[in-house]
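Worksheet: the structure to be examined is printed underneath.
Source: prediction; values computed, not measured. First the proteins, then the strands, lettered A, B, ... as listed; each starts at 1. Every heavy atom of this structure was used, including side-chain atoms; hydrogens, water molecules and symmetry mates were not.
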Number of protein chains: 2
Amino acid sequence: MNNIDTIIEHAEQNCKSHGSRLTTKRKQVLSLLVQTSKALSAYDLIDLFVKENGEKIPAMSVYRILDFLEAEHLVHKLKLANKYIACSHITCKHEHGVPQFLICSVCNAVKEITVNKSTINELNQSVEQAGFKLVSPQLEINCICNDCLTTAV
Amino acid sequence: MNNIDTIIEHAEQNCKSHGSRLTTKRKQVLSLLVQTSKALSAYDLIDLFVKENGEKIPAMSVYRILDFLEAEHLVHKLKLANKYIACSHITCKHEHGVPQFLICSVCNAVKEITVNKSTINELNQSVEQAGFKLVSPQLEINCICNDCLTTAV
DNA sequence: AACGTAAATGATATGTTGTAACATCTCTAT
DNA sequence: ATAGAGATGTTACAACATATCATTTACGTT
C-alpha cells in the first residue's frame, strides 16, 4: 500500500475537521515534502514541483501554501536554514517527547532527535530568568553530520 | 573616559599582534556593533554607517569586513537571524562559561545567557548519539523578550 | 441551475539579502 | 620609488521573499 497517500489523506481529514481545505496544490506541495523527508527551501520546492507535476507554480503560491501548511502544523519552518520540512507527527503517530532539529550546515541534512525533557526544562529556566520566553521548545541546532565531517578533511 | 575607544584600541592591538590590520573602515563597523550592542544585519550596518559617518559603504565591503571581524573573533554571526553582534569578550573580560544567545524574534534584542554546563553536555550527548556534531556549543535560541510579550497584546 | 461571496491562486513588479568578478587604491617592505 | 599583497570600490546579478492587484474556484443560498 501507498504510505504517502495515507499520510496525505489523514492530513486532509485533519484539515476538514476544522473547516480548512487541503486543496490539490497544497496536497502536491505537502506530498513533495513528505516524500523527500529533507528540509527544502521554497525555491527547491518550486523546482521539484515542476519536475514532479510538469507544471509551473509561482513563488508566491508556494510561500502561501507553506504558510498554510505551517499554520495547520503539517510542516515546520526551520528558521535557521529558511527551509521547510514535513512535520514528523504526520508520518508517525507515537509521541517522541520534545523534538529538536539538528541541521548539518554543510549538506543540509536534517535529523530530528529527542532530548530529555529535563534538559529542556533546565534550558527553559535559564531563558525565563533572563526575561525571555522560548518561542517554541523546538530548537534548531547548527551541526555538522558525521558524513560531512569525515569527507571534508 | 571613552569606553568604546578603549575596546577598539584593544581590538586593534589584538589584530596587530598576529599580523592583521584593523583598518579605519573595519574600526568604524566594529564600533557601530559595539555601540549598539544589538544584533544588526549587514544592511542595518550599511544604513547606520551612512548615518554615523556621513559616507556610503558598499554592501560588498560590509560583508567582507564582517567576515574579517568574525575571523578575528571580534564579532559573532548569528546564523539564525543572519545578524551580527559584537563578541562579548571584547567588552568584558571575565569568562562566563558557555554563552548562549537568546534572540527576540520580534525586536531583535539579543541577550547572552549562561546555561549550566551539565545541560549543554546532555544536549551534546543526544546530538552525538544522532551522528551529528555541534558546530559550536553556542546556541542561538529563538525567543520573545518580555517587553514584546507584554506590549504585543 | 444561477448567483454572490469568500477563499485560493496567478501574474507582475519590486524589495531584500548576498555574492561574483574585476578595477582601483593603499599600505608596507625592500 | 616601486612592486606586490591586501583592502576597498563598482557593477552586475543570483537567490529569497513579499506587495498588489487580477482571475479563478468552491460552496452555500436562492
Worksheet item: Atom CD of E70(A) and atom P of dA17(D): how far apart are they, to the nearest Å?
Response: 12 Å
Worksheet entry | Side chain of M60(A) - closest among dA11(C), dG18(C), dA7(D) | dA11(C)
Fill in: Length of the CG-C1' vector between D44(B) and dG18(C), whole Å
14 Å
Discussion item. If the cut-off is 4.0 Å, is S61(A) near the phosphate of dA8(C), judged by side-chain N/O to OP1 or OP2?
Written reply: no
Worksheet item: Can you check the L45(A) CG to dA17(D) P distance for me, whole Å?
Response: 11 Å
Practice prompt. Taking the side chain as every heavy atom from C-beta outward, state whether F68(A) and C15(A) have any pair of such atoms under 4.5 Å apart.
Written response: yes
Worksheet item: Is Y63(A) near enough to dA17(D) that one of its side-chain N or O atoms lies under 4.0 angstrom from OP1 or OP2?
Response: yes
Worksheet item: Do the side-chain N or O atoms of K83(A) get closer than 4.0 angstrom to the phosphate oxygens (OP1, OP2) of dC16(D)?
Response: no
Discussion item. I'd like to know whether I141(A) forms a side-chain contact (heavy atoms from CB on, under 4.5 Å) with L123(B), so could you lay out the CA-CA distance, the side-chain angles of the two residues, the decisive distance to 0.1 Å, and finally the verdict.
Written reply: CA-CA 10 Å; I141(A) 304 172; L123(B) 191 62; 4.2 Å; yes
Discussion item. Counting distance alone, no hydrogens or angles: does the base of dG10(C) have a donor or acceptor under 3.5 Å from a partner atom on the side chain of R64(A)?
Written reply: yes
Worksheet item: What's the NZ-P distance between K25(B) and dC27(C), to the nearest Å?
Response: 12 Å
Worksheet item: Picking from dC27(C), dA8(C), dT9(C), which would you name as closest to the side chain of R21(B)?
Response: dC27(C)
Worksheet item: Does K56(B) have a side-chain nitrogen or oxygen under 4.0 Å from the phosphate oxygens OP1 or OP2 of dT10(D)?
Response: no
Discussion item. I need the OH-P distance between Y43(A) and dT18(D), as an integer number of Å.
Written reply: 10 Å
Discussion item. Let's go through K77(A) and N82(A) carefully: what are the C-alpha distance in whole Å and the side-chain angles of both, what is the deciding distance for side-chain contact (heavy atoms from CB on, under 4.5 Å) to 0.1 Å, and is it a yes or a no?
Written reply: CA-CA 7 Å; K77(A) 178 174 188 176; N82(A) 270 334; 3.8 Å; yes
Worksheet item: Can a side chain N or O of T23(B) be found less than 4.0 Å away from OP1 or OP2 on dT8(D)?
Response: yes
Worksheet, complete the sentence: Heavy-atom nearest nucleotide on DNA chain C taken for E55(A) and for D67(B); more 5' hit belongs to E55(A)
Discussion item. Tell me the interatomic distance from L22(B), atom CG, to dG6(D), atom P, rounded to whole angstroms.
Written reply: 17 Å
Discussion item. How many whole angstroms separate atom CZ of R26(B) from atom P of dT26(C)?
Written reply: 15 Å
Worksheet item: Under 4.0 Å between a side-chain N or O of N82(B) and OP1 or OP2 of dT17(C)?
Response: no
Worksheet item: Short question: side chain of N124(B), backbone of I120(B) - any donor-acceptor pair under 3.5 Å?
Response: no
Practice prompt. Specify the separation, in whole Å, of atom CD1 of I65(A) and atom C1' of dT25(D).
Written response: 14 Å
Worksheet entry | More than 12 heavy atoms from other groups under 6.0 Å of CD on E9(A) | no
